[in-house]
J.: 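So that we are looking at the same thing, I have put the structure below in structure tokens.
FYI, side chains are in, hydrogens and waters are out, and symmetry mates aren't considered; it's all heavy atoms of this structure. What you see is a predicted model; the values in this text were computed from it and never measured. All residue numbers refer to positions in the sequence shown, counting from 1.
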Amino acid sequence: MFRTMQKPILILVINNHGGAIFSLLPIANRTEPRVLNQYFYTAHDISIEKLCMAHGVKHLAVKTKTELEDALVTSKHLGTDCVIEVESCIDENATFHSTLRKFACQAVDHASNILSRFSVPDSISCGLSISKIHKLEYSLYRIQLCAPPTSSSVKHDRSKIYREGFILSLYLEDGSVGYGEVAPLEIHEETLLDVEEQLRFLLHVMKGANLTYSLPLLKGSFSSWIWKKLGISVRSIFPSVRCGLEMAILHAIAARHNSSFLNILYTKTETDEGISKSSSSVKICALIDSTGTPLEVANIAITLVEEGFTAIKLKVARRADPFQDAAVIQEVRKKVGPQIELRVDANRKWSYEEALEFGSLVKNCDLQYIEEPVQVEDDILKYCEESGLPVALDETIDKFPGNPLKMLEKYANPGIVALVSGKIFNNLISEA
């Protein structure tokens, strides 16, 4: 029939080989699989590809989002009738929906628990407003450091190494005060002068602004508040300024309700009682510049372990060759033992060959991951497969000009085990 029509027809077939909708209903939990398969799923083994072949229609099979996008583009250029078959699995689909329901329930519980800490009559009378900001102040701090920041590539005079920033003091109309730290980093291309200029602007804009009950929920609430209440584009605020601003606001909300910072962000529920202490704790990772002899670096690592750190990240690719870096990692692992998590960060400074050399030397060091091991982006997945080492992404995401969420499918590989870039999370928050 559709051959007689002038315009080509594109048909999208979601093929789950049966009536998958029943797997999402309560009946799936209390019915035998045999009965479900026979009377509800009514599974079939019909080949869509062969049906298309029999009728002379172009068939394209896809399994991933990227393949679907490519197939849609291809079908436009074919100029003929086309069927795109998206293959899915009933069980996987049911598991995915179950996961979505679980996270949705957790989000609702989290929101309810946080909102329950506040006065309901207040929230009704003030239109979900907690309080108004009376004023914002900031003061400069300067702390001398005993070693240069690991992010710095410049040689420093040790007597002139400082960490500079600003302490924000945010006052609410009821007298509650919240504090935040604004400490710009070189890697974010923001200077102390740039940051102070932005803070001066915020002093005037934020006066009298309403704080809402949704702010402690996070999940994009700050991005929405910054745009709607302050009229500022979220992406125009420096990372350090946003960090200090959020810290001061949350601290002020906690102070107003005689609560702790942690309790404002996370309120324990009855379901949390069964969570073990170890699973609910966050591992704080120490960072070592790793300059010095292998023994000197290992001794620093031992000191950090004695202070309570259970994870250590070491900067690599700053020595003459990968062999020297590997010797440091081997010595550190020997000194701290197998129970401490070790991570390394090469900051994209190695060639593919150098990174492979390093990987072969530290295979027995049980690294949790190596961050940005190679200079060329296209070598990352090849490195995962060739070296067998787990890899984390940072600069690869930061340097992507668009929304990094759209590029992550390219790195959907078992060898990519972590994302340590702030850009990805800022985009998640902004789009939430």
Side-chain angles (χ1 to χ4, degrees), residues 60-77 84 86-87 150-153 185-189 235 239 285 287 290 313-326 328-329 342-428 430-431:
L60 297 171
V62 302
K63 289 187 178 180
T64 67
K65 181 181 175 183
T66 303
E67 288 178 357
L68 176 59
E69 289 172 347
D70 292 343
L72 289 170
V73 172
T74 301
S75 66
K76 283 183 181 179
H77 293 98
I84 298 177
V86 182
E87 184 146 6
T150 56
S151 59
S152 176
S153 57
L185 291 172
E186 300 165 344
I187 55 174
H188 287 149
E189 297 178 356
R235 296 181 189 277
C285 182
L287 182 61
S290 75
K313 183 161 87 170
L314 298 101
K315 292 287 185 178
V316 292
R318 299 186 177 193
R319 296 171 181 268
D321 58 62
F323 292 97
Q324 294 181 22
D325 284 296
V328 171
I329 303 305
L342 289 187
R343 308 162 186 174
V344 298
D345 185 3
N347 292 112
R348 291 181 129 187
K349 292 184 177 178
W350 274 327
S351 67
Y352 180 72
E353 291 72 22
E354 287 172 327
L356 273 183
E357 222 167 31
F358 174 81
S360 66
L361 294 166
V362 297
K363 267 194 172 180
N364 297 325
C365 292
D366 190 25
L367 295 182
Q368 188 180 22
Y369 59 71
I370 175 170
E371 189 177 324
E372 294 291 349
V374 290
Q375 295 164 347
V376 180
E377 185 182 308
D378 291 338
D379 286 340
I380 293 174
L381 293 182
K382 188 169 67 167
Y383 180 80
C384 289
E385 293 164 7
E386 185 72 22
S387 70
L389 287 179
V391 169
L393 301 181
D394 184 0
E395 289 93 337
T396 298
I397 297 170
D398 282 342
K399 293 182 185 299
F400 186 72
N403 185 342
L405 293 173
K406 293 178 180 176
M407 68 166 285
L408 284 182
E409 279 197 10
K410 176 182 175 182
Y411 296 101
N413 184 291
I416 306 293
V417 299
L419 305 172
V420 295
S421 167
K423 184 177 180 182
I424 187 76
F425 302 110
N426 286 337
N427 275 272
L428 282 169
S430 299
E431 296 187 359

J.: Strictly distance-based, threshold 3.5 Å: is any side-chain N or O of Glu87 a donor or acceptor partner for the main-chain N or O of Lys63?
T.: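 Side chain of Glu87 to backbone of Lys63: no pair is present.
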
J.: What distance do Ile416 atom CD1 and Cys384 atom SG have between them, rounded to the nearest 0.5 Å?
T.: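 Taking CD1 in Ile416 and SG in Cys384, the distance rounds to 3.5 Å.
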
J.: Can you name the residues that form a salt bridge (charged side-chain N to carboxylate O under 4.0 Å, His left out) with Lys382, not counting sequence neighbours?
T.: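 Checked Lys382 against salt bridge (charged side-chain N to carboxylate O under 4.0 Å, His left out); matches are Asp379.
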
J.: Which heavy atom of Val374 sits nearest a heavy atom of Tyr352, and at what distance?
T.: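 The pair with the smallest heavy-atom distance is CG1-CA, 3.9 Å.
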
J.: My understanding is that only residues two or more places apart in sequence, or in another chain, count here; which of them pass side-chain hydrogen bond (donor to acceptor under 3.5 Å, both in side chains) with Asp325?
T.: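 Partners of Asp325 by the side-chain hydrogen bond (donor to acceptor under 3.5 Å, both in side chains) criterion come out as none, since no residue qualifies.
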
J.: If you look at every heavy atom in Pro373 and Ala355, which pair is closest and at what distance?
T.: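 In this case the closest contact between Pro373 and Ala355 is O-CB, 3.6 Å.
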
J.: Quick one: pull up CZ in Arg343 and CD in Glu371 and give me the separation to the nearest 0.5 Å.
T.: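 With rounding to 0.5 Å, CZ (Arg343) is 9.5 Å from CD (Glu371).
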
J.: I'd like to check Val73 versus Glu69 (side-chain heavy atoms, cut-off strictly below 4.5 Å). Are they in contact?
T.: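 No, too far: nothing below the 4.5 Å cut-off.
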
J.: side-chain contact (heavy atoms from CB on, under 4.5 Å) for Val417 and Gln368? Distances and angles first, verdict last.
T.: CA-CA 9 Å; Val417 299; Gln368 188 180 22; 6.0 Å; no

J.: Quick check for you: to the nearest 0.5 Å, what is the distance between Leu367 atom CG and Leu314 atom CG?
T.: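 Atom-to-atom, Leu367:CG and Leu314:CG are 9.0 Å apart.
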
J.: Evaluate the side-chain contact (heavy atoms from CB on, under 4.5 Å) criterion for residues Glu386 and Leu356: first the C-alpha distance (whole Å), next the side-chain angles of each, then the deciding distance (0.1 Å), finally the verdict.
T.: CA-CA 8 Å; Glu386 185 72 22; Leu356 273 183; 3.5 Å; yes

J.: About how many Å separate CG of Leu393 and CD1 of Ile380, when rounded to the nearest 0.5 Å?
T.: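 Atom-to-atom, Ile380:CD1 and Leu393:CG are 5.5 Å apart.
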
J.: To the nearest 0.5 Å, how far apart are CG in Asp366 and CD1 in Ile329?
T.: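 Between atom CG of Asp366 and atom CD1 of Ile329 there are 12.5 Å.
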
J.: Holding to side chain to side chain contact (heavy atoms under 4.5 Å, CB included), I want the full list of residues that pass it with Leu68, two or more places apart in sequence or in another chain.
T.: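 Partners of Leu68 under the side chain to side chain contact (heavy atoms under 4.5 Å, CB included) test: Leu12, Val62, Leu72, Ile84, Val86.
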
J.: With sequence neighbours excluded, give me every ring-ring contact (aromatic ring centres under 6.0 Å, His included) pair touching residues 353-377.
T.: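 Those involving residues 353-377 are Trp350-Phe358.
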
J.: Which residues pass the side-chain hydrogen bond (donor to acceptor under 3.5 Å, both in side chains) test with Ser351, sequence neighbours left out?
T.: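 For Ser351, the residues satisfying side-chain hydrogen bond (donor to acceptor under 3.5 Å, both in side chains) (neighbours in sequence not counted) are Glu354.
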
J.: For Arg348, give me all partners under salt bridge (charged side-chain N to carboxylate O under 4.0 Å, His left out), at least two apart in sequence or on another chain.
T.: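 Scan of Arg348 (salt bridge (charged side-chain N to carboxylate O under 4.0 Å, His left out), adjacent residues dropped) gives Glu372, Glu377.
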
J.: Could I get the full list of side chain to side chain contact (heavy atoms under 4.5 Å, CB included) partners for Asp321, not counting sequence neighbours?
T.: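 So Asp321 forms a side chain to side chain contact (heavy atoms under 4.5 Å, CB included) with Phe323, Gln324.
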
J.: Holding to side chain to side chain contact (heavy atoms under 4.5 Å, CB included), I want the full list of residues that pass it with Thr74, two or more places apart in sequence or in another chain.
T.: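 Per chain and number, Thr74 pairs via side chain to side chain contact (heavy atoms under 4.5 Å, CB included) with Leu60, Leu78.
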
J.: Looking at every non-hydrogen atom in both residues, tell me the closest pair between Pro322 and Leu361 and how far apart they are.
T.: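 The answer is O-CD1, 4.4 Å.
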
J.: For Asp378, check side chain to side chain contact (heavy atoms under 4.5 Å, CB included) against everything at least two apart and list the hits.
T.: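 In terms of side chain to side chain contact (heavy atoms under 4.5 Å, CB included), with neighbours along the sequence ignored, Asp378 is linked to Val376, Lys410.
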
J.: How long is the span from the NZ atom in Lys315 to the CG atom in Asn347, to the nearest 0.5 Å?
T.: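 The CG atom of Asn347 is 4.0 Å from NZ of Lys315, to the nearest 0.5 Å.
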
